[in-house]
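Predicted model, so just to flag it, every value in this text is computed and none were measured.
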Amino acid sequence: MRLVELDKGNFDELVTEAACPVLVEFFSPGCGPCHALAAVLEEMADAHPQVRFVAMDTVRFPDVAWAFDVAAAPSLLLFSDGRMVDFVTGYVPRARVEEMLVAV
């Protein structure tokens with residue numbers, strides 16, 4: 001499954017107003033660790049249908065990234081009931097992402 005790409009027009013609908021937990025990867029197009037993490041998340045999405053997996057380009061939308069204190073890519077933010085409940089910066093192993101998802 002491909003990650004759904006976010007923009008300013010769909011962020012609230014797909015993240016803060018979502019009825020399900022949402023894992024957002026803030027990425028930069030030229031970032032190797034971002035691409036590696038996206039591949040892990042795409043695999044995980046099939047195993048976690050109760051969670052929406054999405055991605056936001058920090059180069060195109062730096063103001064959105066800054067609004068959530070994202071200062072480096074990749075960063076993963078987990079939202080539940082419209083609120084951020086977990087945050088991690090940098091490439092992390094699949095096990096760490098699994099830990100995040102257990103909380104919701």
Side-chain angles (χ1 to χ4, degrees):
M1 166 185 243
R2 297 273 315 150
L3 302 179
V4 175
E5 188 140 347
L6 296 173
D7 59 37
K8 287 183 184 181
N10 66 8
F11 189 91
D12 286 335
E13 174 189 350
L14 295 177
V15 178
T16 59
E17 297 170 1
C20 62
V22 182
L23 186 66
V24 182
E25 179 194 17
F26 281 88
F27 73 95
S28 175
C31 167
C34 297
H35 292 291
L37 185 56
V40 170
L41 297 177
E42 288 171 0
E43 291 175 6
M44 292 182 71
D46 291 330
H48 296 277
Q50 76 282 9
V51 177
R52 179 177 294 152
F53 289 75
V54 298
M56 180 153 235
D57 185 338
T58 60
V59 173
R60 290 181 55 213
F61 306 105
D63 52 330
V64 177
W66 282 107
F68 291 100
D69 295 324
V70 172
S75 287
L76 292 178
L77 283 67
L78 181 63
F79 288 81
S80 181
D81 296 322
R83 295 176 300 126
M84 185 174 54
V85 295
D86 203 351
F87 181 103
V88 65
T89 298
Y91 179 86
V92 294
R94 182 183 182 125
R96 174 60 178 105
V97 180
E98 293 283 356
E99 287 175 10
M100 292 175 76
L101 299 180
V102 168
V104 290

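- No continuous path of hydrophobic side-chain contacts links Val40 to Val54 [ILVMFWY only; heavy atoms under 4.5 Å].
- Looking at heavy atoms from C-beta onward, Glu25 lies in side-chain contact with Cys34 at the 4.5 angstrom threshold.
- Cluster membership check: Met100 shares its hydrophobic cluster with Val51, using side-chain heavy-atom separations under 4.5 Å among Ile, Leu, Val, Met, Phe, Trp and Tyr.
- Ion pairing of Arg60 with Glu5 is present here, as a side-chain N (NZ or NE/NH1/NH2) and a carboxylate O approach within less than 4.0 Å.
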message = Does Val15 form a side chain to side chain contact (heavy atoms under 4.5 Å, CB included) with Asn10? I'd like the steps, not just the answer.
response = CA-CA 8 Å; Val15 178; Asn10 66 8; over 6 Å; no
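- Glu17 and Glu13 make their closest contact through OE1-CA, 3.7 Å (heavy atoms, listed as atom of the first residue, atom of the second, distance).
- Residues Lys8 and Phe61 share a closest heavy-atom pair of CG-CD2, 3.7 Å.
- Rounding to the nearest 0.5 Å gives a distance of 9.0 Å between CG of Asp69 and CG of Leu77.
- Classification of the Phe11-Phe26 ring pair by plane angle, with boundaries at 30° and 60°, yields tilted.
- Both Val92 and Leu3 belong to a single network of hydrophobic side chains, linked directly or stepwise wherever heavy atoms of I, L, V, M, F, W or Y lie under 4.5 Å apart.
- Nearest heavy atoms, His35 versus Pro29: NE2-O, 2.6 Å.
- Here the closest non-hydrogen pair linking Met44 and Glu98 is CE-OE2, 3.4 Å.
- By the criterion of side-chain heavy atoms lying less than 4.5 angstrom apart, applied directly or through intervening Ile, Leu, Val, Met, Phe, Trp or Tyr residues, Phe53 is grouped together with Leu37 in one hydrophobic cluster.
- Proximity of Ser75 to Phe87: side-chain heavy atoms (C-beta onward) are separated by under 4.5 Å at one or more points.
- Note on Val85: it clusters hydrophobically with Leu76, by side-chain heavy-atom contacts below 4.5 Å among ILVMFWY residues.
- Between Leu14 and the choices Val22, Leu6, Val24, Asp7, the side chain to side chain contact (heavy atoms under 4.5 Å, CB included) rule is met once, by Leu6.
- Judged by distance alone, the side chain of Thr58 and the main-chain N or O of Phe27 form a donor-acceptor pair under 3.5 Å.
- Once rounded to the nearest 0.5 Å, the distance linking CG of Leu41 with CG of Asp46 reads 12.0 Å.
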